[in-house]
Amino acid sequence: MRHDTFPAPSTVSEQAQEWLAFDKSELTYPALDDTGGWLALAEEADRSAARRFPVADLPVTVEDLDVDGVAVYAARPEGVEEAADEPVYLWMHPGGLVVGGGDACRMTTARTASNAGLLVWGVDYRLPPLHPYPAGLDDALAVYRRLLRDRDPARVFVGGDSAGGNIAAALLLRAKDAGLPMPAALVLNTPQVDLTESGDTFRTLAGVDNVLRSLRTPNALYAAGADLRQPYLSPVLGDLTGFPPTFLRSGTRDLFLSNTVRMHRRLRDAGVAADLHVFEAMPHAGFGGDSPEDREAVAEQRRFLAGHGVPLREKEDA
């Protein structure tokens with residue numbers, strides 16, 4: 001079934017309708033043991049992403065950091081002054097747990113900072129095939145520990161988009177198990193929190209989402225033989241008790257809609273305050289970033305962060 005079986009509805013903006021008219025999801029994966037093929041795929045994907053949104057076009061400055069051996073991009077929006085106790089958003093990039101690092105991570109971190117209106121630390125976590133699970137999660141935990149040495153947990157925010165949502169949620173499970181304090185809040189945008197892909201929309205929206213297809217092959221590469229049902233791999237299956245207030249976003253055409261709504265229910269069942277936002281006809285990751293719906297999603301996330309200690313600033317368009 002192809003996504004063009006489902007024409008764009010009149011209930012969304014013209015920009016959203018244009019985004020839904022194109023199929024951006026077709027991708028052929030190498031064999032699991034083809035290390036060179038995976039590295040080539042990542043190089044091309046990351047180069048394409050970095051070209052699409054040059055950091056120089058954004059009202060953001062980016063500093064490359066080495067945080068206890070982990071590459072981190074510290075992105076500061078214009079007008080956000082440096083302060084000893086300023087809030088920091090520890091953010092994990094998307095990319096199916098196999099791409100999105102390097103210059104692509106620098107770019108997406110800069111865009112996230114522009115959207116969020118605060119200092120963002122984007123973790124360039126290690127990726128397979130050279131560094132499968134738990135290398136990337138170890139990197140995220142190391143950076144989180146460092147932030148907690150420098151700041152009150154109430155000034156630390158954690159989040160991620162898509163695959164980054166997996167790392168962010170698994171990070172909090174790891175942190176909780178290690179006896180570390182929770183951050184002020186968690187942001188999960190269309191999160192990849194179930195690597196078993198057992199949710200309803202992996203079937204009902206297959207071919208409807210024009211951005212994303214099943215990631216079973218990349219999931220297997222990332223897990224490197226580990227049981228995908230382990231909570232550090234599929235955080236929706238973990239004990240979410242004690243998690244901080246959480247913002248979740250998805251769309252009615254998002255392949256990860258089931259991931260998102262299931263995570264929301266699991267959080268609510270665990271007594272966690274959780275806000276769920278589902279947008280009309282939105283596929284995975286939005287409508288390209290510049291539609292009215294995308295801007296509304298950014299505004300909702302900013303309001304959520306403002307409710308947990310981040311000064312609310314109007315977004316400056318790039």
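FYI, side chains are in, hydrogens and waters are out, and symmetry mates aren't considered; it's all heavy atoms of this structure. Note that the coordinates shown come from a computational prediction; the quantities given were computed from them, not determined experimentally.
- Across every non-hydrogen atom of A224 and P132, the tightest pair is CB-CB, 3.7 Å.
- Smallest separation of non-hydrogen atoms from G96 and A163: N-CB, 3.4 Å.
- Taken from OG1 in T201 to CG in L257, the straight-line distance is 5.0 Å, to the nearest 0.5 Å.
- Residues S114 and P77 fail the side-chain proximity criterion, which asks for heavy atoms closer than 4.5 Å.
- Panel note: side chain S48, backbone E44; no donor-acceptor pair is recorded below 3.5 Å.
- Distance check, rounded to the nearest 0.5 Å: NZ of K176 to CE of M182 gives 7.5 Å.
- Side-chain atoms of D254 and T190 include a donor-acceptor pair closer than 3.5 Å.
- A side-chain donor-acceptor contact under 3.5 Å links T11 and E280.
- Within the model, atoms CG of L248 and CG of N189 stand 8.5 Å from one another, a figure rounded to the nearest 0.5 Å.
- A salt bridge does not link D46 to R51: none of the charged side-chain nitrogens sits closer than 4.0 Å to a carboxylate oxygen.
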Query raised in the report: Between R145 and D150, is a salt bridge (charged side-chain N to carboxylate O under 4.0 Å, His left out) present by the stated rule, with each step listed?
Result: CA-CA 9 Å; R145 286 183 183 275; D150 298 335; over 6 Å; no
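- In this view, F287 satisfies the ring pair (Phe, Tyr, Trp, His ring centres under 6.0 Å) rule with no residue, not counting sequence neighbours.
- In this view, Y232 satisfies the ring pair (Phe, Tyr, Trp, His ring centres under 6.0 Å) rule with no residue, not counting sequence neighbours.
- Residues W38 and Y29 bring their aromatic ring centres within 6.0 Å.
- Residues V261 and S250 have side chains not in contact (no heavy-atom distance under 4.5 Å, counting atoms from C-beta outward).
- Using a 4.0 Å cut-off between a side-chain N of Lys or Arg and a carboxylate O of Asp or Glu, D275 and R249 do not qualify as a salt bridge.
- Atoms CG and CG, on L205 and L212 in that order, are 10.5 Å from each other to the nearest 0.5 Å.
- With 3.5 Å as the limit, one finds no donor-acceptor pair spanning the side chains of D209 and H284.
- Closest approach of A104 to A50, counting heavy atoms only: N-CB, 4.3 Å.
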Requested in this report: Would you please test S162 and F256 for side chain to side chain contact (heavy atoms under 4.5 Å, CB included) and show each step?
Outcome: CA-CA 8 Å; S162 191; F256 286 177; 3.8 Å; yes
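- In this structure, the separation between CG on D139 and CD1 on I167 is 9.0 Å, given to the nearest 0.5 Å.
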**Report entry** Residues R253, N210; criterion side chain to side chain contact (heavy atoms under 4.5 Å, CB included); working and verdict
**Finding:** CA-CA 8 Å; R253 293 195 180 195; N210 68 322; over 6 Å; no
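- R262 has a carboxylate O that lies under 4.0 Å from a charged side-chain N of D194, or vice versa, which qualifies the two as a salt bridge.
- Here the CG atom belonging to L215 is positioned 11.5 Å from the CG atom belonging to L221, to the nearest 0.5 angstrom.
- Under the 4.5 Å side-chain criterion, counting only non-hydrogen atoms from C-beta, V67 is in contact with W121.
- Between H277 and F304, a ring centre-to-centre spacing not shorter than 6.0 Å is recorded.
- Closest heavy-atom contact between F157 and H308: CZ-O, 3.2 Å.
- In this structure, H93 has its ring center under 6.0 Å from that of Y125.
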Report task. Take V272 and R268, measure what side chain to side chain contact (heavy atoms under 4.5 Å, CB included) needs, and give me the verdict at the end. Result -> CA-CA 5 Å; V272 178; R268 296 286 296 172; over 6 Å; no
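- Among N219, N259, N166, the single residue meeting the side chain to side chain donor-acceptor pair (under 3.5 Å) criterion with Q192 is N219.
- A side-chain donor-acceptor contact under 3.5 Å links D294 and S291.
- For Y73, the side-chain hydrogen bond (donor to acceptor under 3.5 Å, both in side chains) partners two or more places apart in sequence, or in a different chain, are D124.
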Requested in this report: Carefully, step by step, assess D138 and R174 under the rule salt bridge (charged side-chain N to carboxylate O under 4.0 Å, His left out).
Outcome: CA-CA 9 Å; D138 290 343; R174 282 274 301 268; 3.1 Å; yes
Report task. Please report the C-alpha distance between L233 and D227 in whole Å, then the side-chain angles of each, then the deciding distance to 0.1 Å, and finally whether the side chain to side chain contact (heavy atoms under 4.5 Å, CB included) criterion is met. Result -> CA-CA 8 Å; L233 285 165; D227 186 348; 5.8 Å; no
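- Salt bridge present: D103 and R106 bring a charged side-chain N and a carboxylate O closer than 4.0 Å.
- Contact record, A142 with V70: CB-CG2, 4.2 Å, taken as the closest heavy-atom pair.
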